[in-house]
Amino acid sequence: MHTLKPYATQSARMRTRLHTEKPSGAANEHRSEFQRDRDRIVHCTAFRRLVYKTQVFLNHEGDLFRTRMTHSLEVAQLSRSMARALGLDEDLVEAIALAHDLGHTPFGHAGQDALNAALKELAPGHGGFEHNLQSLRVVDALEERYPEFDGLNLTLATREGILKHCSAKMARELEANEPGGVANRFTLKQQPSLEAQLVNLADEMAYSAHDIDDGIRSGLIEMNALRELNLFERFHSRVSQEYPALQGRRLLSEIIRRLLSAQVFDVIDQTRRAISVQLIETESDVRQAPPLVAFTPAMAQEVREVKAWLFKHLYRHAQVSSKMEEAQGMVRELFAAYLSEPKLLPDAYSQHSDLPRAIADYIAGMTDRFAQLKWRELQSA
Ligand code: MG
């Protein structure tokens, strides 16, 4: 194990869990608390479901597109590399990365938007749906794996990393239930740990790179069109000069590899600089400082251009949008059907004291193909 810097997450407070557990015994002496978190996540049900959940392209459209699972693994890989270079806790970033998307609905962001709208319109007063909060709900309440508590009982550090956004109202609610806990930093208007900040940025790096790759694979965008982006063109021209005969997938892979390495180096340099300029020495300095993990301003601008370009040409592409509208219809119809006929739900959900929330949990837990199956069953019923 590499040496942790003094500003890495290591305080006893961040290793606390919601439920006191029996001493774990000799078998766990070789595992840190954050390794235990990582292991609990890898073995949980919601993690396995990520294999069949959409990232951008619907899961059944092709075997080679990213899914939430491969996306999460890529985020974990990038996070670990950067954490090691920065002297942060690699096990903690891995745990946060592998858990960060556990709360995603089927059909990607479209599914989330549809579920949020269905809750608000069809069951007013029961709150909305947001995937970060749902990821926390999965690890805190929904997983059923332990005899003595619900959820996975993860450490505060991992849970805080999972909850990367939170409205002020929700922060107050969470804080009331768990004073000084997972939402405390929102109520204090502080930053989360460096590990949490790092995974957040690695998430962006991963999807902007792999969505270029998947977008080209799908035929919806073309490599030459991407050359209007400074960041892409820079690496395209370097690779083409070095390997004039290279084309197609190998050219693209080499461009993306270099583009990601450049971003990794950029973040490491910029973050080291910020830590030194802000005189950061401890975990608590990290919390009180402005965000420290970042791209240089020049790289940040180029990455914003890539994201805006992908938004316009890929995420809003007519072919993607029409599939997503179809998916949104399915989510809404499933929600409406379960609300009017709770007996369609498994017992554990239909007997829940807050039916709309239980329906949202059930639908959010579905994989793309299970949601499609359930929707088809409704049509033939
Ligand atoms: Mg993500």
Side-chain angles (χ1 to χ4, degrees), residues 37-38 41-42 44 46-59 64-83 90 92-116 129-139 154 157-166 182 192-215 256 259-260 263-264 267 291 293-295 300 303-304 306-308 310-311 314-315 320 324 327 364-368:
D37 281 1
R38 188 264 328 270
I41 293 158
V42 167
C44 83
F47 186 70
R48 288 192 293 282
R49 291 177 172 146
L50 298 178
V51 177
Y52 297 107
K53 288 194 178 198
T54 287
Q55 181 67 25
V56 171
F57 294 92
L58 294 186
N59 182 252
L64 296 178
F65 295 126
R66 266 67 175 191
T67 64
R68 290 267 164 223
M69 172 68 78
T70 58
H71 163 71
S72 301
L73 295 176
E74 290 182 31
V75 176
Q77 180 271 315
L78 286 167
S79 302
R80 284 197 77 128
S81 299
M82 293 188 287
E90 276 187 66
L92 175 56
V93 294
E94 187 177 24
I96 298 171
L98 295 179
H100 86 284
D101 274 351
L102 288 179
H104 262 290
T105 59
F107 314 126
H109 281 275
Q112 160 179 289
D113 295 346
L115 190 52
N116 183 39
F129 183 89
E130 200 278 320
H131 76 265
N132 275 296
L133 274 174
Q134 190 69 10
S135 297
L136 188 66
R137 191 166 157 74
V138 167
V139 301
L154 302 181
T158 301
R159 295 171 60 239
E160 190 191 69
I162 292 171
L163 189 64
K164 64 181 172 186
H165 323 283
C166 183
V182 71
S193 69
L194 285 170
E195 286 85 352
Q197 294 183 36
L198 189 64
V199 177
N200 199 359
L201 199 61
D203 187 16
E204 246 182 76
M205 291 162 67
Y207 73 69
S208 48
H210 65 50
D211 290 350
I212 290 178
D213 192 36
D214 281 356
I256 291 180
L259 191 151
L260 270 176
Q263 290 183 10
V264 164
V267 169
V293 178
F295 290 121
V303 172
R304 269 197 298 278
V306 171
K307 285 161 68 178
L310 284 172
F311 197 80
L314 182 62
Y315 309 144
V320 173
M324 289 305 165
M366 292 180 179
T367 60
D368 290 12

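Just follow the structure's listing: the first ligand is 1, and inside any ligand the first atom is 1. The structure presented is a predicted model; accordingly, all values stated were derived computationally and were not measured.
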Atom name of the N, O or S atom of D203 nearest to the Mg ion (ligand 1) is OD1
Quick check: of its N, O or S atoms, which one does D101 have closest to the Mg ion (ligand 1)? OD2
Do Q112 and F107 have side chains that approach each other closer than 4.5 Å (heavy atoms only, starting at C-beta)? no
Under a 3.5 Å threshold, yes or no: a donor from one side chain and an acceptor from the other, between S72 and D101? no
Taking 4.0 angstrom as the limit, do R159 and D37 come out as a salt bridge? no
Ring centres of H71 and H100 under 6.0 Å apart? yes
What angle, to the nearest 10°, do the atoms NE2 (H71) and NE2 (H100) form about the Mg ion (ligand 1)? 90°
N/O/S atom of H104 under 2.8 Å from the Mg ion (ligand 1), yes or no? no
